[in-house]
K.L.:
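Dumping the structure here so I can ask a few things about it.
If you're wondering where the values come from, they're calculated on a predicted model, not measured in any experiment. Just so it is clear, the values below take in all heavy atoms, side chains as well, and ignore hydrogens, waters and symmetry mates.
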Amino acid sequence: MVSKTRDKLLEVARNLFMVKGVEHTTMNDIATASERGRRTIYTYFKSKREIYQAVVERESELVISRLREVVQSSVPPEEKLRSYLTIRFGILTQTQTKSRQRPDRYITGLFTRDTRRGDRIYQLALSKEADMFESLLRSGIDCGAFRADQAMRLPTLLNHTIISASASSPTQLTIEDQERIHRQLIDFIVDGILTDTNPKIQQ
């Protein structure tokens, strides 16, 4: 029951942050929308800031859980890396699309373009996945699928690409164009780290 109430409060707060913006959402708003009293809210959270931090934590964990499933799967390293990158770039596309569709509210909402908040969300997710992504790459290196020198450059390059893109203005490209560009980028990345002994390279 405790967990369900807390989850309910976080979901309500998340929706309010996205619609009204963090600054314009009050504890009373969260209490009313969740049909809970202020006393109940303060049982779980000391302040709106603490609620926001919990929402950010949960959002980043949702990202990580999808990536974790890929890393723990039993598919070949190349396929695993492609799936991983597809999800990672897909999340970026969704974020930019939402920002473009609702610029008046979304920019001041949860995934705000304010540098501090944007960095917090993405840095938290990136810090959680850093070891996981490196594990994926090392498993590919160990089995001879990936070139070690190229593969170990990828975490820094990928992090820089995602952070830079998330902090920039929403792209005017269509979703289809973004997905096409991401597929080409993924092909470029994966093909660039495959070893010469990889069956695909020998074809």
Side-chain angles (χ1 to χ4, degrees), residues 56-57 59-101 106 110-203:
V56 170
E57 173 72 28
E59 290 295 304
S60 66
E61 184 56 35
L62 290 175
V63 173
I64 297 304
S65 64
R66 295 173 61 192
L67 297 174
R68 187 179 294 116
E69 289 180 5
V70 173
V71 173
Q72 294 177 347
S73 67
S74 58
V75 300
E78 178 188 344
E79 184 179 341
K80 187 178 295 188
L81 180 57
R82 286 185 183 279
S83 297
Y84 189 102
L85 294 176
T86 297
I87 292 174
R88 208 64 183 85
F89 284 121
I91 293 168
L92 178 59
T93 298
Q94 292 170 7
T95 302
Q96 290 186 324
T97 300
K98 288 178 181 178
S99 178
R100 183 179 63 203
Q101 290 173 343
Y106 206 81
L110 182 60
F111 293 104
T112 177
R113 289 306 187 225
D114 177 276
T115 302
R116 290 175 301 160
R117 289 206 188 104
D119 282 352
R120 173 167 174 71
I121 293 169
Y122 285 99
Q123 288 287 358
L124 183 56
L126 289 171
S127 65
K128 286 184 176 183
E129 74 172 287
D131 291 342
M132 187 169 57
F133 188 42
E134 184 171 331
S135 173
L136 184 160
L137 294 173
R138 289 199 177 280
S139 67
I141 294 171
D142 291 343
C143 73
F146 299 156
R147 290 177 50 188
D149 59 338
Q150 293 290 71
M152 297 319 295
R153 293 177 181 178
L154 189 51
T156 300
L157 294 175
L158 181 62
N159 289 356
H160 177 74
T161 299
I162 291 174
I163 292 174
S164 297
S166 65
S168 64
S169 299
T171 177
Q172 296 304 310
L173 294 174
T174 64
I175 294 178
E176 290 74 18
D177 285 340
Q178 291 182 67
E179 291 177 343
R180 174 176 52 79
I181 291 172
H182 289 161
R183 285 196 299 270
Q184 293 174 350
L185 183 56
I186 290 170
D187 285 342
F188 181 79
I189 290 172
V190 176
D191 290 348
I193 70 171
L194 292 178
T195 61
D196 294 337
T197 58
N198 190 287
K200 180 174 180 178
I201 298 298
Q202 293 178 329
Q203 291 178 356

K.L.:
Using every non-hydrogen atom in the two residues, find where P77 and G140 come nearest and quote the distance to one decimal.
P.N.:
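That closest heavy-atom pairing would be CB-CA, 3.8 Å.
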
K.L.:
As a test of understanding, state which of V70, I186, D187 forms a side-chain contact (heavy atoms from CB on, under 4.5 Å) with L85.
P.N.:
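It is I186; the other options fail the test.
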
K.L.:
How far does OG of S65 sit from CG of L67, to the nearest 0.5 angstrom?
P.N.:
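Between atom OG of S65 and atom CG of L67 there are 8.0 Å.
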
K.L.:
Calculate, to the nearest 0.5 Å, the distance between atoms NZ and CG belonging to K80 and L136 respectively.
P.N.:
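Interatomic distance, K80 NZ to L136 CG, rounded to 0.5 Å: 6.0 Å.
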
K.L.:
Please identify each residue that fulfils side-chain hydrogen bond (donor to acceptor under 3.5 Å, both in side chains) with R183, with sequence neighbours left out.
P.N.:
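For R183 there are no side-chain hydrogen bond (donor to acceptor under 3.5 Å, both in side chains) partners, ignoring immediate neighbours.
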
K.L.:
Looking at every non-hydrogen atom in both residues, tell me the closest pair between I141 and A151 and how far apart they are.
P.N.:
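Residues I141 and A151, closest heavy atoms: CD1-CB, 4.0 Å.
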
K.L.:
So which heavy atom on R138 is nearest to which on M152, and how close?
P.N.:
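It is NH2-CE, 3.8 Å.
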
K.L.:
Please tell me if the side chains of L137 and P155 come closer than 4.5 Å, counting only heavy atoms from C-beta onward.
P.N.:
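The answer is yes; the side chains approach within 4.5 Å.
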
K.L.:
Among all residues two or more places apart in sequence or in another chain, which pass the side-chain hydrogen bond (donor to acceptor under 3.5 Å, both in side chains) test with E79?
P.N.:
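E79 satisfies side-chain hydrogen bond (donor to acceptor under 3.5 Å, both in side chains) with no residue once adjacent residues are dropped.
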
K.L.:
State the CD-OG distance between E78 and S83, to the nearest 0.5 angstrom.
P.N.:
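E78 atom CD to S83 atom OG measures 10.5 Å (nearest 0.5 Å).
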
K.L.:
Going from CD1 on I193 to CG on L81, what distance comes out if it is rounded to the nearest 0.5 angstrom?
P.N.:
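Spacing of CD1 (I193) from CG (L81) equals 5.0 Å.
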
K.L.:
Quick one: do E176 and R180 make a salt bridge, cutoff under 4.0 Å?
P.N.:
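Answer for the salt bridge query: no.
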
K.L.:
I'd like to check M132 versus Q72 (side-chain heavy atoms, cut-off strictly below 4.5 Å). Are they in contact?
P.N.:
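No. Closest side-chain heavy atoms not under 4.5 Å.
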
K.L.:
List in chain and number order the residues that pass salt bridge (charged side-chain N to carboxylate O under 4.0 Å, His left out) with R153, two or more places apart in sequence or in another chain; answer none if no residue qualifies.
P.N.:
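R153: no salt bridge (charged side-chain N to carboxylate O under 4.0 Å, His left out) contacts found.
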
K.L.:
So, taking the atom named CG in L194 and the one named CZ in F146, what distance separates them when rounded to the nearest 0.5 Å?
P.N.:
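Those atoms lie 6.5 Å apart.
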
K.L.:
Given 3.5 Å as the limit, does a donor-acceptor pair link the side chain of T86 with the main chain of R82, or not?
P.N.:
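Yes.
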
K.L.:
Can L154 and F133 be said to form a side chain to side chain contact (heavy atoms under 4.5 Å, CB included), step by step?
P.N.:
CA-CA 9 Å; L154 189 51; F133 188 42; 3.8 Å; yes

K.L.:
CD/Q178 to CG/L185 distance, rounded to the nearest 0.5 angstrom?
P.N.:
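Answer for the CD-CG pair, Q178 versus L185, is 12.5 Å.
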
